[in-house]
Protein chains: 2
Amino acid sequence: MASQRGEGETTATPLEPADRERARAIPEAAVARLAVYLRVLSGMADQGVTAVSSEELSQAAGVNAAKLRKDLSYIGSYGTRGVGYDVEVLVSHIERILGLTRNHSVAVVGIGNLGHALANYGGFPGRGFPVTALFDVDADLIGVPVGGIPVNHIDEITAVCLEREVSIGVIATPPPAAQSVCDRLVSAGVQCILNFAPVVLQVPDNVEVRKVDLAVEMQILSFHVARRADEAASVSNGNNGLGVDGMVIRP
Amino acid sequence: MASQRGEGETTATPLEPADRERARAIPEAAVARLAVYLRVLSGMADQGVTAVSSEELSQAAGVNAAKLRKDLSYIGSYGTRGVGYDVEVLVSHIERILGLTRNHSVAVVGIGNLGHALANYGGFPGRGFPVTALFDVDADLIGVPVGGIPVNHIDEITAVCLEREVSIGVIATPPPAAQSVCDRLVSAGVQCILNFAPVVLQVPDNVEVRKVDLAVEMQILSFHVARRADEAASVSNGNNGLGVDGMVIRP
DNA sequence: TACCGCTTGTGAACGCATGCACAAAGTCGG
DNA sequence: CCGACTTTGTGCATGCGTTCACAAGCGGTA
Ligand SMILES: NC(=O)c1ccc[n+]([C@@H]2O[C@H](COP(=O)([O-])OP(=O)(O)OC[C@H]3O[C@@H](n4cnc5c(N)ncnc54)[C@H](O)[C@@H]3O)[C@@H](O)[C@H]2O)c1
Ligand SMILES: NC(=O)c1ccc[n+]([C@@H]2O[C@H](COP(=O)([O-])OP(=O)(O)OC[C@H]3O[C@@H](n4cnc5c(N)ncnc54)[C@H](O)[C@@H]3O)[C@@H](O)[C@H]2O)c1
């Protein structure tokens, strides 16, 4: 059953039983890719494209075509064999599965360098993630509007989060404060947390945490540089596996 | 630590053939975790801890102990049975495998909200990733120092990157500019790119790209909220506006 | 209507990552 | 010096995710 998009229903669109079972079975990795497909498809829709094949879409999303079709199959069969997919239809179904038919209010905690950038960022509201609350401990910041939202004191976190129905908490405080901020978000009823502080957060089972760790990203890149440089070196000097277990000999 | 130039100084240890083969075999997922272990271990070292067991370390890093040991086994056998691992030894071996014995200069392109935050961030230099170059197109920004580094015009990217031996390029421009910026970084010889713009970059095989996509992260969280809300609804069998735990689901 | 060419959807094979369980290898107390 | 205890390192089984390959299904065409 093909539904239309952008329906301003007040109640969150419930998934049908069949969809619900499917949603439970979607691999985490596929969910991440579905979000990417959604963005590509939205871009296509904006440019007036109405139909797309798995080959075209997979190219635009940078993945294998078979993988894309399998990912889409997790949410149902909405393509037409011999033709491809209707862009609008696909967009609306991915949105539904990802729970984007409902708005998700976001609270940012820690309005420093990163917090300011996040609060000022215009890309979230347009995608259904309005930033509706900001928190910090710094007295100089309290009451100051950032990106149009005044900063609240962290002590008000429970009241404000409940009042504004915050469903996603973003942690952008220094590492030592992160766990305590996390605990406060959790007791304020926030069940989803995006953590920028380089610490491992402890949370109850019913809370979902995702972390963005730039230092780790850089170190992974570093690993690949090193590996590459090393491969190049081994090609140029043809050194084989002799001299095991020795200290490094330098000329 | 380590000199700017990657010649085999005392600290910039080249990998031995045995290690090189190992490095090639380390699963990507394990590399990411090694970076996490490294941070945890560094923190322990700072607090004067000299030895640690796989159990303790795995707890602190938030992973399974067996997985941790397997990850460490990819880089060699540096533990002592019955005792555990020497923190310093482990740190130095992980650093070596990740290529952190050498400094990696970072260039940030697009000094807007996010670019400012990155340029001002003090956490990178301390970990061997000094930000040494900033680029933008905005005439008002050129020459202005951000985080101590003056902003250069994007047209100078090749000359500046070569001169300062930039090995990692960070893209923080608006999406439409990202691919062109990426191409310019690549022709400037940069082989590692960290991309914050929500676009799929096309690069040659010898260039490594990692992307940080906040919208995707939020949508993954959204998916889990939806799934959870839905489970709750199916349990309470006949949605009355209340979910589990007394959490109110928006009417 | 019947055929043809194209694209989807998916069963099955494969490969990678995770977790278990235990022998090997070390320490420490007696 | 020995034996008990602790913790590592890893072979193996299991499960998840990716890729392949092709039958099924649809639109267009004669
Ligand atoms: N800036 C970056 O580019 C960057 C990059 C990678 C990681 N990070 C991480 O992101 C986090 C934030 O970085 P930043 O550069 O914005 O730091 P920052 O120091 O600029 O800002 C931190 C803010 O958090 C506030 N704060 C401190 N304790 C708090 C508490 N208990 N409750 C609420 N607010 C509190 C401070 O008042 C400050 O405004 C850090 O953990 C950092 O490691 C930042
Ligand atoms: N700010 C955030 O919190 C946030 C969050 C998620 C994603 N992003 C993404 O990160 C990127 C940057 O976001 P932002 O908020 O900092 O944007 P911004 O508009 O504040 O800054 C962009 C900067 O890039 C510069 N620029 C434009 N074209 C350029 C070019 N061709 N070469 C060099 N510089 C150029 C602009 O002059 C500007 O200074 C965007 O792609 C955005 O989607 C940002």
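Quantities reported herein were computed from a predicted structural model and do not represent experimental measurements. Throughout, a chain's letter reflects where its sequence line sits, starting with A, and its residues are numbered from 1.
Side-chain atoms of A:R96 and A:T101 include no donor-acceptor pair closer than 3.5 Å.
For A:Q47, the side-chain contact (heavy atoms from CB on, under 4.5 Å) test picks out no residue, with sequence neighbours left out.
Atom P of nucleotide C:dA17 and atom CG of B:L34 are separated by 13 Å, given to the nearest angstrom. Protein atom NZ of B:K67 is 17 Å distant from nucleotide atom P of C:dC16, rounded to whole Å. Atom CG of B:L90 and atom P of D:dT7 are 16 Å apart (whole Å). Put simply, CG on A:L68 is 15 Å from C1' on D:dG17, counting in whole angstrom units. The nearest whole Å value for the distance from the CG atom in B:D71 to the P atom in C:dG19 is 10 Å. The nearest whole Å value for the distance from the CD atom in B:E56 to the C1' atom in D:dT6 is 13 Å.
With respect to A:K211 and B:E217, no salt bridge is recorded, no charged nitrogen being found less than 4.0 Å from a carboxylate O.
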Extract from the structure each pairing of a protein N or O with an N or O of nucleotides 7-10 of chain C at less than 3.5 Å, listing the distance.
residue, atom, partner, partner atom, Å
C:dT7, O4', A:G82, N, 3.0
C:dT7, O2, A:G82, N, 3.4
C:dT8, OP1, A:S54, N, 2.5
C:dT8, OP2, A:S54, OG, 2.5
C:dT8, O2, A:R81, NH1, 3.2
C:dG9, OP1, A:Y78, N, 3.4
C:dG9, OP1, A:G79, N, 2.9
C:dG9, OP2, A:Y85, OH, 2.6
C:dG9, O4', A:R81, NH2, 3.0
C:dG9, N7, A:R69, NE, 2.8
C:dG9, O6, A:R69, NH2, 3.0

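Applying the salt bridge (Lys or Arg N to Asp or Glu O under 4.0 Å) test to residues at least two apart or on different chains, the pairs with a partner in residues 168-187 of chain B are B:D155-B:R184.
Across every non-hydrogen atom of B:V207 and B:V190, the tightest pair is CG2-O, 4.1 Å.
Contact between the side-chain N/O atoms of B:R33 and the OP1/OP2 oxygens of C:dA17 is not found at any separation under 4.0 Å. Using a 4.0 Å cut-off, no side-chain N or O of B:N64 falls inside it from OP1 or OP2 of C:dA17.
In this structure the side chain of B:V106 never reaches within 4.5 angstrom of the side chain of B:V166, judged on heavy atoms.
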